[in-house]
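First the structure, in the form of structure tokens, and then the observations on it.
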Amino acid sequence: MPVQDPHIHLRQAGRSLAECEFLLRRFSGERAVPDLIAQARHHCDQAEQLPHEDAGTLAILRAVASTFALRHVALSDVRCDFDDDDGTLLNGLGKYDAKGVSRPFTEEAVRSAEAALATDPYDALMPLYLGHALTWAGDQDGAIAAYQEALRRAPDDRCARSALSSLRASPPRGSRSRMSHPRHAFALLRSAYWINNNEWEDAFVLFASTADVRTHLAGYLADEDLEDEGAEPALHIHRPGRPVATYDLEDTDWTGIPLKPPLPPGRPLRLHSRVCFPHH
């Protein structure tokens with residue numbers, strides 16, 4: 001009998017949220033989004049019952065689920081902009097949501113992002129999402145502080161920079177760093193695939209080992225979509241204390257690189273101005 005993955009619930013939660021993020025970003029939400037969020041929360045509840053699961057990853061996944069829930073209700077029920085390209089509307093809750101349908105979602109998104117804020121002090125995802133929720137709630141000073149913290153962690157994040165500009169605030173001083181994440185080692189695969197006859201998706205997927213990358217690519221490199229102009233398929237290797245190393249997918253120099261300490265199972269990160277989820 002095969003041994004069950006001990007981190008199956010964290011991975012399944014991340015899988016549901018990754019699909020949810022794609023639908024929200026590409027199609028401004030779909031009917032499937034609430035069910036995907038419910039699935040992610042169910043798996044988080046199941047993971048919480050296990051003795052050795054990472055509490056930090058759980059907090060981050062719950063915060064992502066809460067942010068996506070707010071984003072969905074703002075897009076579908078309130079009919080207002082809320083995305084990862086330029087942030088959201090200042091005090092959308094007060095100005096555009098006359099019935100207050102987004103209020104409980106806003107409060108939960110703020111609480112969960114604040115709870116996860118210190119989990120990874122080097123990643124911009126949680127301060128960015130806190131900034132979104134505070135902007136929607138009308139807390140301009142809090143939102144500015146959150147977006148500035150996101151830029152301190154990731155000076156090249158386009159969404160945080162655009163959101164600060166919308167709030168007429170200055171970004172903190174800082175320059176883009178080519179250094180890897182200081183705590184975790186991982187591989188980030190950047191590739192592309194067609195989602196319809198006219199549009200292709202620029203995809204970012206995290207891997208905890210180069211062996212997992214090899215297994216994934218074994219059935220993927222034959223896909224002709226990877227050769228399309230502009231797709232720029234590449235593998236970015238992050239190892240604490242080292243610059244980020246970028247490899248062409250046809251290069252094999254990366255295949256034996258150890259990734260230690262590995263990224264915790266199920267942990268999403270904010271990279272290249274996108275939320276990136278681990279491969280499931």
| request: Quickly, which of His184, His181, Arg183 forms a side-chain hydrogen bond (donor to acceptor under 3.5 Å, both in side chains) with Asp120? Name it, please. | output: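 The residue from His184, His181, Arg183 that satisfies side-chain hydrogen bond (donor to acceptor under 3.5 Å, both in side chains) with Asp120 turns out to be His181.
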Charged N to carboxylate O under 4.0 angstrom, [X] versus [Y]?
X      : Y      : value
Arg103 : Asp97  : no
Asp54  : Arg267 : yes
Asp202 : Arg190 : yes
Arg153 : Glu149 : yes

Tell me whether [X] shares a hydrophobic cluster with [Y], the cluster being built from Ile, Leu, Val, Met, Phe, Trp, Tyr side chains joined at under 4.5 Å.
X      : Y      : result
Tyr247 : Phe186 : no
Tyr129 : Leu167 : yes
Tyr122 : Met126 : no
Val110 : Leu90  : yes
Leu235 : Leu188 : no

| message | Taking salt bridge (charged side-chain N to carboxylate O under 4.0 Å, His left out) as the definition, give me every residue that meets it alongside Arg239, ordered by chain and number, with sequence neighbours left out. | response |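 In terms of salt bridge (charged side-chain N to carboxylate O under 4.0 Å, His left out), with neighbours along the sequence ignored, Arg239 is linked to no residue.
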| query | Got a sec, which residues hit salt bridge (charged side-chain N to carboxylate O under 4.0 Å, His left out) with Arg161, two or more places apart in sequence or on another chain? | reply |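 With neighbours one apart ignored, the set is empty.
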Side chains of [X] and [Y]: does their closest heavy-atom pair fall under 4.5 Å?
X      : Y      : value
Tyr147 : Leu128 : yes
Arg178 : Thr246 : yes
Trp136 : Val78  : yes
Leu189 : Leu217 : yes
Asp156 : Ser273 : no
Pro121 : Pro182 : no
Arg214 : Trp254 : yes

Whether the side chain of [X] engages the backbone of [Y] through a donor-acceptor N/O pair (distance < 3.5 Å, no angle test) should be reported.
X      : Y      : value
Ser180 : Arg242 : yes
Arg79  : Ser76  : yes
Gln148 : Ser170 : yes

Locate the shortest heavy-atom distance separating [X] from [Y]; write the atom from each residue and the value.
X      : Y      : answer
Pro172 : Leu164 : CD-CD1, 4.4 Å
Leu75  : Cys80  : CD2-O, 3.4 Å
Gly100 : Pro104 : O-CD, 3.8 Å
Ala63  : Ala116 : CB-CB, 4.3 Å
Ala47  : Leu10  : CB-CD2, 4.0 Å
Ala137 : Asn91  : O-OD1, 3.7 Å

| request: Applying side chain to side chain contact (heavy atoms under 4.5 Å, CB included), run through Arg274 and Arg25 and close with a yes or a no. | output: CA-CA 10 Å; Arg274 286 270 295 275; Arg25 177 168 45 82; 3.2 Å; yes
| request: List the steps, then state whether salt bridge (Lys or Arg N to Asp or Glu O under 4.0 Å) holds for Glu114 with Arg111. | output: CA-CA 5 Å; Glu114 287 178 338; Arg111 281 196 302 269; over 6 Å; no
| request: Given side chain to side chain contact (heavy atoms under 4.5 Å, CB included), test Ile237 with Val244 step by step and report yes or no. | output: CA-CA 6 Å; Ile237 300 291; Val244 178; over 6 Å; no
Starting at [atom1] of [X], measure out to [atom2] of [Y] and round the result to the nearest 0.5 Å.
X      : Y      : atom1 : atom2 : result
Leu269 : His238 : CG    : NE2   : 8.5 Å
Thr57  : Arg11  : OG1   : CZ    : 10.5 Å
Leu70  : Phe82  : CG    : CZ    : 4.0 Å
Arg71  : Leu24  : CZ    : CG    : 5.0 Å
Thr210 : His216 : OG1   : NE2   : 14.0 Å
Ser209 : Ile257 : OG    : CD1   : 12.0 Å

| Do the two ring centres, one from Phe27 and one from Phe22, sit under 6.0 Å apart? |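 Centroid separation for Phe27 and Phe22: below 6.0 Å.
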| query | Are the aromatic ring centres of Phe105 and His72 under 6.0 angstrom apart? | reply |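 No, too far apart.
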| query | Are Thr88 and His132 close enough, and set up right, to give a side-chain hydrogen bond (donor to acceptor under 3.5 Å, both in side chains), and what steps lead you there? | reply | CA-CA 6 Å; Thr88 186; His132 288 352; over 6 Å; no
| query | What's the verdict on side chain to side chain contact (heavy atoms under 4.5 Å, CB included) for His236 and His272, showing C-alpha distance, side-chain angles and the deciding distance? | reply | CA-CA 11 Å; His236 307 280; His272 297 273; 4.1 Å; yes
Check: residues 36-46 side-chain donor-acceptor pairs under 3.5 Å, at least two apart:
{"from": "Gln39", "atom 1": "OE1", "to": "Ser16", "atom 2": "OG", "distance (Å)": "3.4"}
{"from": "Arg41", "atom 1": "NH2", "to": "Ser66", "atom 2": "OG", "distance (Å)": "3.3"}
{"from": "His43", "atom 1": "ND1", "to": "His9", "atom 2": "ND1", "distance (Å)": "3.1"}
{"from": "Asp45", "atom 1": "OD1", "to": "Arg62", "atom 2": "NH1", "distance (Å)": "3.2"}
{"from": "Asp45", "atom 1": "OD1", "to": "Arg62", "atom 2": "NH2", "distance (Å)": "2.9"}

| Worked verdict on Glu21 versus Cys276 for side chain to side chain contact (heavy atoms under 4.5 Å, CB included) | CA-CA 10 Å; Glu21 188 274 340; Cys276 305; over 6 Å; no
